[in-house]
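To keep things clear, I will list the structure first and then write my remarks on it.
Naming: A, B, ... by sequence-line order, numbering from 1 per chain.
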Protein chains: 2
Amino acid sequence: MSLRREPPLRRLKGPALREYAPTFAALGDETRLHLVAAMCVGGTMSITQLTAGTAITRQAVTRHLQILADAGLVRDVKLGRERLWALEPTRLEQARHSLDMIAQQWDHALMRLKATLEQ
Amino acid sequence: MSLRREPPLRRLKGPALREYAPTFAALGDETRLHLVAAMCVGGTMSITQLTAGTAITRQAVTRHLQILADAGLVRDVKLGRERLWALEPTRLEQARHSLDMIAQQWDHALMRLKATLEQ
DNA sequence: CCAATATGCAACAAGGAGGTTGCATATGAA
DNA sequence: TTCATATGCAACCTCCTTGTTGCATATTGG
C-alpha cells in the first residue's frame, strides 16, 4: 500500500479549506445556529432581543455573538445604548461554496476511479 | 422596542436548522477538514494512510473519523485487517443546502425591509 | 436629577474536546 | 508457525468551551 502524500486540495478560489474551520466551528453550536436563524428572520436585533429567544443569560449570548463575529458571520453596530447585530451573508456564502468544492472534487475523483476501472 | 418572539425558521425541506449543529461542529476542526480533503482527493483510504498526512497519532485520527462518521459525513468499510474510509457526500450536500436557505431567508428579509421603507 | 434599561467585564466552575501512552487483538506474509 | 502490520480499547492529562454570578458603566426617559 503506497503511503503517498496527498496534495493539499488547492482548488478553492478563496481561502484554503482549513481556514474554514473557525467558520464551521462557529456554526457548530445549536445556540449559535438559533441566533443566526433569529437574525435571519428578525433582521437587525439587539442583544436583549436575541437573548429573549434563548434559555441562557445575556452574557452567554454576547459571547456567542462574539464568536460568530470572529468567524465573520455577523456584524454589529452600536446605536445609543444598544448594540445591534445583523447577519453577514458573505462569509456564509464562502462557506457554502467551500462545501460545493468538496463535493465537486469528490465527484471528480469518482469519475477518475471509474475511468481507471474501465481501462 | 418590541421583544417579539422570533418564529423558529421553518423553511428547510430536510432536518431543522438546529440539527445541523453536529455536522458543522464536525467540520469545525482543522484536522478533520484535512481528513475530508484527503479522502476527497485520495478516494477510499485506510486509517494508516490518513494518519500519514497529519502530525497526530493514529488513535487520535481514529477518533476524528468517528466524529465525522457520527455526523454522517464519512462511511467506513472493513476489508481484511484494514478499515477503509470514504466521503459521504449526501450529508455534505444537505449542509450546503442549509446554508443556502439561511442566505435566501436573509435576502428575503432585506427585500421586505426595503418594501417597508419605500411604503 | 433619578430610575430603569442595555450593555461590558471579570472571576469562577463544570464538562467536553483533543491528544497521548500502553497494551490487546486480528490479519497478512514469509 | 512466526513476525510484522493494522487496528481497537481504555486510562489519563490538559486546555478550551460554555455557562454562571456579581458588579461596573453608559444612555434614555420622566
Side-chain angles (χ1 to χ4, degrees), chain A residues 1-4 6 18 20-36 38-39 42-71 73-86, chain B residues 1-6 18 20-39 42-71 73-86:
Chain A
M1 126 176 349
S2 66
L3 287 183
R4 73 189 178 303
E6 67 278 4
R18 346 182 70 162
Y20 283 99
T23 302
F24 288 128
L27 293 172
D29 178 278
E30 277 203 14
T31 301
R32 287 194 288 270
L33 276 185
H34 180 82
L35 291 174
V36 166
M39 284 180 272
T44 295
M45 301 177 78
S46 75
I47 297 177
T48 303
Q49 280 179 311
L50 287 166
T51 302
T54 72
I56 60 178
T57 60
R58 168 186 59 82
Q59 288 89 330
V61 170
T62 298
R63 282 170 52 177
H64 280 300
L65 289 170
Q66 193 55 55
I67 291 171
L68 287 170
D70 290 345
L73 290 166
V74 298
R75 193 168 44 91
D76 72 291
V77 180
K78 281 222 72 166
L79 186 65
R81 66 177 154 180
E82 289 184 320
R83 193 160 153 205
L84 300 176
W85 293 83
Chain B
M1 138 170 339
S2 66
L3 285 183
R4 73 190 181 302
R5 298 214 147 272
E6 67 278 2
R18 346 185 70 164
Y20 283 99
T23 302
F24 289 128
L27 292 172
D29 177 278
E30 277 204 14
T31 301
R32 287 193 290 270
L33 276 184
H34 181 82
L35 292 174
V36 166
M39 283 181 272
T44 296
M45 300 176 78
S46 75
I47 297 176
T48 303
Q49 279 179 311
L50 287 167
T51 302
T54 72
I56 60 179
T57 60
R58 168 185 60 82
Q59 288 89 331
V61 170
T62 297
R63 279 167 57 173
H64 281 299
L65 288 170
Q66 193 55 57
I67 291 170
L68 287 170
D70 289 345
L73 290 167
V74 298
R75 194 167 45 90
D76 73 290
V77 180
K78 282 221 71 165
L79 185 66
R81 65 178 156 180
E82 288 184 320
R83 193 161 153 204
L84 300 176
W85 293 83

Measuring from the side chain of [X] (C-beta onward, heavy atoms only), which nucleotide among [options] has the closest atom?
X       : options               : value
B:Ser46 : D:dT7, D:dT18, C:dG18 : D:dT7
A:Arg81 : C:dT5, D:dT18, D:dT5  : C:dT5
B:Ile47 : C:dT7, D:dG8, D:dG19  : D:dG8
A:Gln59 : C:dG18, D:dC23, C:dT5 : D:dC23

With respect to the phosphate group of [N], does any side-chain polar atom (N or O) of [X] fall under 4.0 Å of OP1 or OP2?
X       : N      : answer
B:His64 : C:dG19 : yes
A:Arg83 : C:dG8  : yes
A:Arg58 : D:dT20 : no
A:Thr57 : D:dT21 : no
A:Thr62 : C:dT7  : no

Self-check item: Residue closer to the 5' end of DNA chain C, B:Lys78 versus B:Gly28 (nearest nucleotide)
Solution: B:Gly28

Self-check item: Flag, side chain of A:Arg32 to backbone of B:Ala21, donor-acceptor distance under 3.5 Å
Solution: no

Practice problem: Say whether, by atom type as modelled, one donor and one acceptor occur between the side chain of B:Gln49 and the main chain of B:Ser46 under 3.5 angstrom. | Solution: yes

Nearest-angstrom distance from the residue atom [atom1] of [X] to [atom2] of [N]:
X       : N      : atom1 : atom2 : result
B:Asp29 : D:dC15 : CG    : P     : 18 Å
B:Glu30 : C:dA17 : CD    : P     : 18 Å
A:Asp76 : C:dG8  : CG    : C1'   : 13 Å
B:Arg63 : D:dG8  : CZ    : P     : 13 Å
A:Leu65 : D:dG19 : CG    : C1'   : 15 Å
B:Ile67 : C:dG16 : CD1   : C1'   : 10 Å
B:His34 : C:dG18 : NE2   : C1'   : 16 Å
B:Glu82 : C:dA29 : CD    : C1'   : 14 Å

Quiz item: How many angstroms lie between OG1 in B:Thr23 and CG in B:Asp70, if you round to the nearest 0.5 Å?
Solution: 10.5 Å

Quiz item: Atom CG of A:Asp76 and atom CD of A:Gln66: how far apart are they, to the nearest 0.5 Å?
Solution: 7.5 Å

Self-check item: Whichever of A:Arg32 and B:Leu84 has its nearest DNA chain D nucleotide further upstream toward 5'
Solution: B:Leu84

Quiz item: If each of A:Gly80 and A:Thr31 is mapped to the nucleotide of DNA chain D with the nearest heavy atom, which maps nearer the 5' terminus, i.e. the 5' end?
Solution: A:Thr31

Exercise. Run the numbers on A:His64 and A:Ile56 for side-chain contact (heavy atoms from CB on, under 4.5 Å), then give the verdict.
Key: CA-CA 11 Å; A:His64 280 300; A:Ile56 60 178; 3.9 Å; yes

